[in-house]
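Please read the structure below before turning to the comments.
Per chain, numbering begins at 1; letters A, B, ... match sequence-line order.
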2 protein chains.
Amino acid sequence: MGGVTALAHHLTIGQVAERSGVPHTTLRFYEDRGLISAERTAGNQRRYPRATLRRIAFIRSAQRVGLSLDDIAEALSTLPAHSAPTKADWTKLSKRWRTELDTRIDALQRLRDSLTTCIGCGCLSLRACGLFNQQDQLAEYGPGAPKLKAASEGGI
Amino acid sequence: MGGVTALAHHLTIGQVAERSGVPHTTLRFYEDRGLISAERTAGNQRRYPRATLRRIAFIRSAQRVGLSLDDIAEALSTLPAHSAPTKADWTKLSKRWRTELDTRIDALQRLRDSLTTCIGCGCLSLRACGLFNQQDQLAEYGPGAPKLKAASEGGI
DNA sequence: GTCGAACTTCGACTTAACTGGAGGTCATGG
DNA sequence: CCATGACCTCCAGTTAAGTCGAAGTTCGAC
């Protein structure tokens with residue numbers, strides 16, 4: 001119960017869980033997957049630097065828009081694990097993701113617009129619309145569960 | 001092997017699989033989940049109306065942008081299962097999804113822009129940026145695996 | 001120095017979305 | 001009429017992302 005104090009800039013897992021809204025079980029899971037990391041006390045307990053909160057916010061944001069933890073882990077690997085990222089760090093990350101995010105935004109807009117445009121243009125079959133055409137080109141990039149083997153040119 | 005003929009506007013599962021690019025196993029799976037349906041021959045084999053191809057294209061598009069099969073199933077339940085959807089059908093579907101899709105597009109753009117904007121404005125902590133703020137509001141809307149229960153406004 | 005909350009590991013379970021195999025049935029060109 | 005390939009059902013396995021519980025350890029306020 002009492003006041004958990006802990007060295008000002010080192011947060012316990014419970015504190016991080018509370019502040020980030022991410023369950024502590026999930027934080028350990030993220031650690032397993034290499035998304036975050038922590039120092040340990042003499043007694044083997046985790047202590048997180050504040051920068052971790054930022055990392056977690058980023059992870060959740062990226063997840064919300066449909067990116068996998070593997071993709072996110074790869075991107076995050078370019079950021080320093082324990083200190084606050086520098087401008088250069090962000091720029092690097094930004095470059096890698098820009099295209100990927102643009103593609104996804106495009107797909108979403110396409111879907112949304114198809115719902116209207118296809119009606120407007122009378123091509124109810126969708127056949128001439130972006131919806132269909134994208135389908136073919138992005139082909140196996142499709143849905144998201146198992147294997148996802150090849151995955152193409154790696155870069156996210 | 002030979003020419004699989006079948007009544008012109010009724011496709012076999014193999015034909016649908018080939019034309020849609022979706023494995024036949026997955027087509028049966030989709031049927032279980034109520035996403036598509038088929039008539040049966042006297043011998044109990046599936047025969048799909050052509051409109052099914054459109055449904056499948058829609059399903060895959062929606063999945064690609066991160067919607068769950070449950071969400072998609074719900075939306076599709078407003079469309080006629082066997083005939084081509086009418087303009088009114090599409091309009092109904094469109095209305096239901098518009099907001100949802102807009103929200104997702106927004107989140108994506110926010111993430112993308114955060115990668116640049118946060119650098120530009122110097123708030124490397126992201127704390128003042130959309131990334132963080134959205135987090136709270138969309139809260140439980142978040143990641144996608146099990147339960148998804150209360151989740152609360154945790155606040156990152 | 002002790003007591004309870006918070007922490008530790010580890011392994012089993014869950015959900016979503018498939019994927020694959022076994023074992024049997026249907027359809028059709030020769 | 002029969003071989004072969006496409007189809008059928010059922011069920012078990014996989015991957016991703018968690019989630020839960022047991023059993024034991026550490027922390028820190030009293």
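Over its length, the helix from C:dG1-D:dC30 to C:dG30-D:dC1 turns its helix axis by 0°, as judged from the five terminal pairs at each end, rounded to 10°.
For D:dT25, neither phosphate oxygen OP1 nor OP2 lies less than 4.0 angstrom from any side-chain nitrogen or oxygen of A:R40. For D:dC27, one of the phosphate oxygens OP1 or OP2 lies less than 4.0 angstrom from a side-chain nitrogen or oxygen of A:T41. Contact check, B:R46 against D:dC7: no side-chain N or O comes under 4.0 Å of OP1 or OP2. For the OP1/OP2 pair of D:dA6 and a distance below 4.0 Å, the side-chain nitrogens and oxygens of B:R28 include no atom meeting the criterion. Taking side-chain N and O atoms only, A:T26 has a distance below 4.0 Å to OP1 or OP2 of D:dT19. Residue B:R47 places no side-chain N or O under 4.0 Å from the OP1 or OP2 atom of C:dA27. Contact annotation: A:Q63 side-chain N/O to D:dG18 OP1/OP2 distance is under 4.0 Å.
Note: OH (B:Y30) to P (C:dT19) measures 8 Å, nearest angstrom. Atom CG of B:L27 and atom P of C:dG20 are 14 Å apart (whole Å). Per the geometry, CD1 belonging to B:I13 stands 13 Å off P belonging to C:dT19, to the nearest Å. Remark: P of D:dC7 and CD of B:E18 are 10 Å apart, rounded to the nearest angstrom. Atom CD in A:E39 sits about 18 Å away from atom C1' in C:dT8, given to the nearest Å.
Here the closest non-hydrogen pair linking B:R110 and B:D106 is NH2-OD2, 2.7 Å. Across all non-hydrogen atoms, the minimal contact from B:L67 to B:I72 is O-CD1, 3.9 Å.
The B:N44 side chain lies nearest to D:dT9 when the options are C:dA17, D:dA17, D:dT9. Taking the side chain of B:T25 as heavy atoms from C-beta on, and the options C:dG20, C:dC18, C:dC7, the nearest nucleotide is C:dG20. Comparing C:dA17, C:dC7, C:dC26 by their nearest atom to the side chain of B:Q45 picks out C:dC26.
Applying the side-chain contact (heavy atoms from CB on, under 4.5 Å) criterion to A:S68, with sequence neighbours excluded, gives A:D70, A:D71. Checked against side-chain contact (heavy atoms from CB on, under 4.5 Å), A:T41 has the following partners two or more places apart in sequence or in another chain: A:Q45, A:R47. Under the rule for a side chain to side chain donor-acceptor pair (under 3.5 Å), B:E18 has no partner lying at least two apart in sequence or in another chain. Take A:E31 and apply the salt bridge (charged side-chain N to carboxylate O under 4.0 Å, His left out) test, not counting sequence neighbours, and it matches A:R40, A:R46. In this view, B:R28 satisfies the salt bridge (charged side-chain N to carboxylate O under 4.0 Å, His left out) rule with no residue, not counting sequence neighbours.
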